[in-house]
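So the structure is just underneath, and the comments pick up after that.
Ligands are counted one by one from 1 in listed order, and the atoms in each one are counted from 1 as well.
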Amino acid sequence: MRIGILHGPNLRLLGSREPTIYGSRTLTEINGEIESLATELGVEVEFFQSNHEGEILDWLESVSARIDGVVANPAALTHGSIGLRDALLGVDLPFVEVHLSNPHAREPFREVSFLSDIATGVVFGFGPESYLLGLRGLVARLGG
Ligand code: DQA
């Protein structure tokens with residue numbers, strides 16, 4: 001089984017970006033933890049981060065034939081991207097929407113997700129652990 005791990009805009013700044021909200025771990029450190037869990041679960045993971053919506057849509061399209069599902073933190077695209085919603089529907093892959101913070105406990109505009117209703121599952125608010133819970137849940141759902 002192979003799972004795509006998608007990090008949306010600004011997540012490359014983790015570690016220094018608003019640490020009171022997102023914590024102090026860098027994206028590289030978080031990816032390392034995801035990789036360790038993937039090894040434990042016996043699955044392969046493939047990482048992608050971009051600040052550009054079009055690149056994310058292109059990545060989904062290009063990777064869709066070789067992965068079985070996606071753990072996605074779409075970051076700000078969550079709250080406004082019909083393009084990302086359509087791409088996820090288009091590639092027809094199961095995905096888990098994850099967020100480090102709990103968007104529902106923040107500004108009102110973060111309460112809207114263009115993705116939650118089409119996600120296999122959602123995990124919000126556990127910091128980097130959200131990715132790990134999302135990966136565990138997705139692999140279990142896929143029968144791994
Ligand atoms: C985020 C929450 C989003 O609202 C925000 O735009 C992000 C990060 C999170 O992981 O908590 O960039 O997805």
Side-chain angles (χ1 to χ4, degrees), residues 1-41 43-64 67-142 144:
M1 190 187 297
R2 194 171 176 85
I3 305 293
I5 310 291
L6 172 63
H7 305 288
N10 299 310
L11 293 174
R12 223 159 33 207
L13 297 174
L14 289 177
S16 59
R17 176 190 179 196
E18 299 182 88
T20 53
I21 297 174
Y22 298 118
S24 56
R25 271 182 268 177
T26 64
L27 191 61
T28 305
E29 289 168 341
I30 293 170
N31 282 345
E33 291 174 35
I34 296 169
E35 186 89 61
S36 299
L37 176 61
T39 303
E40 188 188 305
L41 296 174
V43 303
E44 290 177 19
V45 282
E46 180 162 339
F47 298 97
F48 187 73
Q49 190 282 331
S50 178
N51 290 337
H52 303 279
E53 180 176 2
E55 283 184 5
I56 290 173
L57 306 196
D58 287 347
W59 175 76
L60 275 171
E61 201 179 304
S62 68
V63 83
S64 63
I67 60 173
D68 302 293
V70 182
V71 173
N73 182 349
L77 296 177
T78 307
H79 314 299
S81 174
I82 298 170
L84 180 56
R85 179 187 175 91
D86 285 350
L88 286 162
L89 287 170
V91 297
D92 198 22
L93 285 169
F95 76 95
V96 180
E97 176 188 344
V98 306
H99 298 284
L100 298 150
S101 66
N102 176 0
H104 296 280
R106 300 179 60 192
E107 302 96 324
F109 61 81
R110 292 186 206 277
E111 286 179 33
V112 176
S113 169
F114 282 38
L115 305 171
S116 294
D117 66 304
I118 57 163
T120 300
V122 295
V123 186
F124 304 160
F126 293 97
E129 191 70 24
S130 292
Y131 286 97
L132 306 181
L133 293 167
L135 180 60
R136 274 189 196 281
L138 185 60
V139 170
R141 175 61 67 89
L142 291 171

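- E129 has no carboxylate O lying under 4.0 Å from a charged side-chain N of R25, or vice versa, which leaves the two without a salt bridge.
- Between R85 and D117, some side-chain heavy-atom pair lies under the 4.5 Å cut-off.
- Aromatic ring orientation, F109 versus H79: perpendicular (interplanar angle above 60°, classes split at 30° and 60°).
- At distances below 3.5 Å, not a single donor-acceptor pair connects side-chain atoms of S81 with backbone N or O atoms of T78.
- Side-chain N/O atoms of N51 and E53 include no donor and acceptor closer than 3.5 Å.
- Within 4.0 Å of ligand 1, heavy atoms belong to protein residues R17, Y22, N73, A75, A76, H79, H99, L100, S101, R106, R110.
- With rounding to the nearest 0.5 angstrom, the CD atom of Q49 is 7.5 Å from the NE2 atom of H7.
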